[in-house]
K.L.:
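Before anything else, here's the structure in question.
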Number of protein chains: 4
Amino acid sequence: MARTTEPGGTPVPQRLLAAATRLFAERGYDRTSVQEIVEAAGVTKGALYHYFGSKDDLLHEVYGRVLRLQQERLDAFADADAPVEQRLRDAAADVVVTTIENLDDASIFFRSMHHLSPEKDKQVRSERRRYHERFRALVEEGQRTGVFSTATPADLVVDYHFGSVHHLSTWYRPDGPLTPQEVADHLADLLLRALRP
Amino acid sequence: MARTTEPGGTPVPQRLLAAATRLFAERGYDRTSVQEIVEAAGVTKGALYHYFGSKDDLLHEVYGRVLRLQQERLDAFADADAPVEQRLRDAAADVVVTTIENLDDASIFFRSMHHLSPEKDKQVRSERRRYHERFRALVEEGQRTGVFSTATPADLVVDYHFGSVHHLSTWYRPDGPLTPQEVADHLADLLLRALRP
Amino acid sequence: MARTTEPGGTPVPQRLLAAATRLFAERGYDRTSVQEIVEAAGVTKGALYHYFGSKDDLLHEVYGRVLRLQQERLDAFADADAPVEQRLRDAAADVVVTTIENLDDASIFFRSMHHLSPEKDKQVRSERRRYHERFRALVEEGQRTGVFSTATPADLVVDYHFGSVHHLSTWYRPDGPLTPQEVADHLADLLLRALRP
Amino acid sequence: MARTTEPGGTPVPQRLLAAATRLFAERGYDRTSVQEIVEAAGVTKGALYHYFGSKDDLLHEVYGRVLRLQQERLDAFADADAPVEQRLRDAAADVVVTTIENLDDASIFFRSMHHLSPEKDKQVRSERRRYHERFRALVEEGQRTGVFSTATPADLVVDYHFGSVHHLSTWYRPDGPLTPQEVADHLADLLLRALRP
DNA sequence: TATGAATGAGCATTCATTCAT
DNA sequence: TATGAATGAATGCTCATTCAT
């Protein structure tokens, strides 16, 4: 058993996933070689292919983890017992905070999705759509009940906000002037202000 | 001699650039081979290396073209003789329209920037910063003169809007329900509404 | 314990041998992975290496089975109490029928022999030589007693016939116009006709 | 130009083909690595893939050469101006001689055909069929004109003979007691004797 | 101004085998 | 008697780049 978990007791698959996440974010999927991943994880190639079917599989796993986390959090905020403007604001801010806290995952997500195999791409897209739709439902609810302006189609509003989330990995620096929470509050505020009737 | 421009009279370097742009956008920089580029352009490898120092150079040229175009247009709108809210709205809408009209360039821009060599990356970043600053100056002008809310730092406002521009290549489809101009008007509207005092 | 024989009561080594035979015939020795064999046999790699020393060993066992079977049958026909032309005809036809009935073994035999390790190759060759010699003795007996022509060296006659047996796996199809017995009769007939003085 | 033909003036593609032929015959297709081929030919892998699309392609080229040669020779003998029994005897003997003279090609042919990709396999099979049919036509002509026995279907007769040709690479040794021509005469004689009415 | 043969390093993946349990 | 995680070496193939012509 000692073989499975030499450095620090973390099981091999997790070690591989962590190494891959860091490297994919650092240099991109195509620029990261399987050799570099296994070296960073302290195992051999054979071990990687024992647990993952392909390099592509590794990327897919990274996506899966992020998607599940974000969907859970969105569901929690959207289902909360609060006025819709509060629920939208909370959800909009939360996705900013968790994105900043997992900037590696985020940059991989937005930069490497086109490296997935067609079938995996399809699966990821469908999960993302579900996420998008849950968020859009919040906007539509507010529009129906008159607390949000109906000047802009809800779909566009959602893409507007997620564009800025997507963009975070391009400009946000942990040593910058704003904490993740401050950025989140500002961006959620911009969204809510744009939606004022 | 006319040998440089066999198919259709377009000079070889332009043909190469056009082919590279299309292919980089289609399959990404790393997934596009030099061989594919020269085949698409109807020339041989030697010709490519006669005009461009490297594959990386080709990417840099694509960036240069886009950056110059966008900077020129932004300068024109920002220098116009109109109230600041009008100038910002026009600039914000224009960048959306030209991005949609050059979605290939845009996807390359946002997805392949990390493939540039360090020195070229530095150069591109500095040009982008100049662009960002010009846009921010418009926001700040409006904040100073009281027509825009000062609730959000101008930098963040700019990143908010450019996130949505960046995001266009992810979701915009030419056969979708909205024309480029309609999308542009909506996104500019969201920006201006968010900035209402 | 009954654990050795879960599916259908067949013991593990036989199950492995049967799976290997089918797969080696289907895709060749080199194209068949140990993993595929154990999966087809419903066991794990450890089990295979418990019973067989190596992949090469498995191939050797397949050969052994075929060689023993064919030698036994040839001996029976050659030792029979009948005129030599009858005994040769029966033996010649029988090897055709049993080869067709075990086409898998046959294709492995003729296509994969060069995959054996030197020592096993030597052993197989010596067993085959014994088989060849028994068959040749029949031809020589007929030549000595004047019922067969002596125009062709007996060795060559044997190789002539076994060439056609060898060739069966290339062209014989179970759904073709001839039954195994008909093919066998024709080929034995050709041999005997060629040997007419 | 000196780069193309360092050792002995032979162009690179021919050098590669010769090396591949020898190695495929020696150790089989699967046991021969691309690395070994290029080392034997004195070039690098890149050069091989400049001329051949894949390892499989190399095998296909070997086949092509043999098939063309044999078809030409068969056509020449079959079209000759001589009685049909002479033409069949000459063709039957010639294929034995040329097979012995190119035993490398022959062993590759009969042992490695199943390594071809489906489409190339199809092509080779169709060329082989054409060869088989030309040969069969000679047998049928003799049967129609009464000089050959009709006891055996012509197809089977052809397979009987080609089985022995196929088999040559298994047993023929240049240092054995028989010259290629002697073997050829004996095998052709066996065929013709078997066909006596 | 262009060709295209050749390089050489790198790539993802496969696989027979071992061994602690 | 059997497991299955892990190894490590090898495999076929790709590709940006160079350079004699």
K.L.:
If you find the nucleotide of DNA chain E closest to B:Thr44 and the one closest to C:Gly46, which residue's nucleotide is nearer the 5' end?
P.N.:
B:Thr44

K.L.:
Output the residues of residues 111-121 of chain C in contact with DNA chain E, where contact means a heavy atom of the residue under 4.0 Å from an atom of the strand; sort by number or write none.
P.N.:
none

K.L.:
Are C:Tyr49 and E:dT17 close enough that a side-chain N or O sits under 4.0 Å from OP1 or OP2?
P.N.:
yes

K.L.:
Please name all residues satisfying ring pair (Phe, Tyr, Trp, His ring centres under 6.0 Å) with C:Phe52, sequence neighbours left out, ordered by chain then number.
P.N.:
none

K.L.:
Where each residue is assigned the nucleotide of DNA chain F containing its nearest heavy atom, which of D:Ser54 and A:His50 is assigned the position nearer the 5′ end?
P.N.:
A:His50

K.L.:
When you look at B:Lys120 and B:Asp56, which way does the salt bridge (Lys or Arg N to Asp or Glu O under 4.0 Å) test go after all the steps?
P.N.:
CA-CA 9 Å; B:Lys120 281 179 192 140; B:Asp56 181 278; 2.9 Å; yes

K.L.:
Quick check on contacts: within residues 31-38 of chain C, what sits under 4.0 Å from DNA chain E by heavy-atom distance?
P.N.:
C:Thr32, C:Ser33, C:Val34

K.L.:
Can you measure from CG (C:Asn102) to CZ (C:Arg65) and round to the nearest 0.5 angstrom?
P.N.:
8.0 Å

K.L.:
With a non-hydrogen cut-off below 4.0 angstrom, is B:Lys45 in contact with a base, only sugar-phosphate, or nothing?
P.N.:
base

K.L.:
Excluding sequence neighbours, so at least two apart, what forms ring pair (Phe, Tyr, Trp, His ring centres under 6.0 Å) with C:Tyr49?
P.N.:
none

K.L.:
Please identify each residue that fulfils ring pair (Phe, Tyr, Trp, His ring centres under 6.0 Å) with D:Tyr29, with sequence neighbours left out.
P.N.:
D:Phe24, D:His115

K.L.:
So how far is it from D:Arg31 CZ to D:Ser112 OG, rounded to the nearest 0.5 Å?
P.N.:
12.0 Å

K.L.:
Does E:dA2 have OP1 or OP2 sitting under 4.0 Å from an N or O in the side chain of B:Tyr51?
P.N.:
yes

K.L.:
Taking the nucleotide of DNA chain E with the nearest heavy atom to each, does A:Lys55 or D:Leu48 sit closer to the 5' end?
P.N.:
D:Leu48

K.L.:
Tell me the stems DNA chain F sits in, counting at least three consecutive Watson-Crick or G-U wobble pairs, each under 3.5 Å on both distances.
P.N.:
E:2-21 with F:2-21

K.L.:
Salt-bridge test for A:Glu127 and A:Arg68: reply yes if a basic N is under 4.0 Å from a carboxylate O, no otherwise.
P.N.:
no

K.L.:
Are D:Lys55 and D:Leu59 close enough that some pair of their side-chain heavy atoms sits under 4.5 Å apart?
P.N.:
no

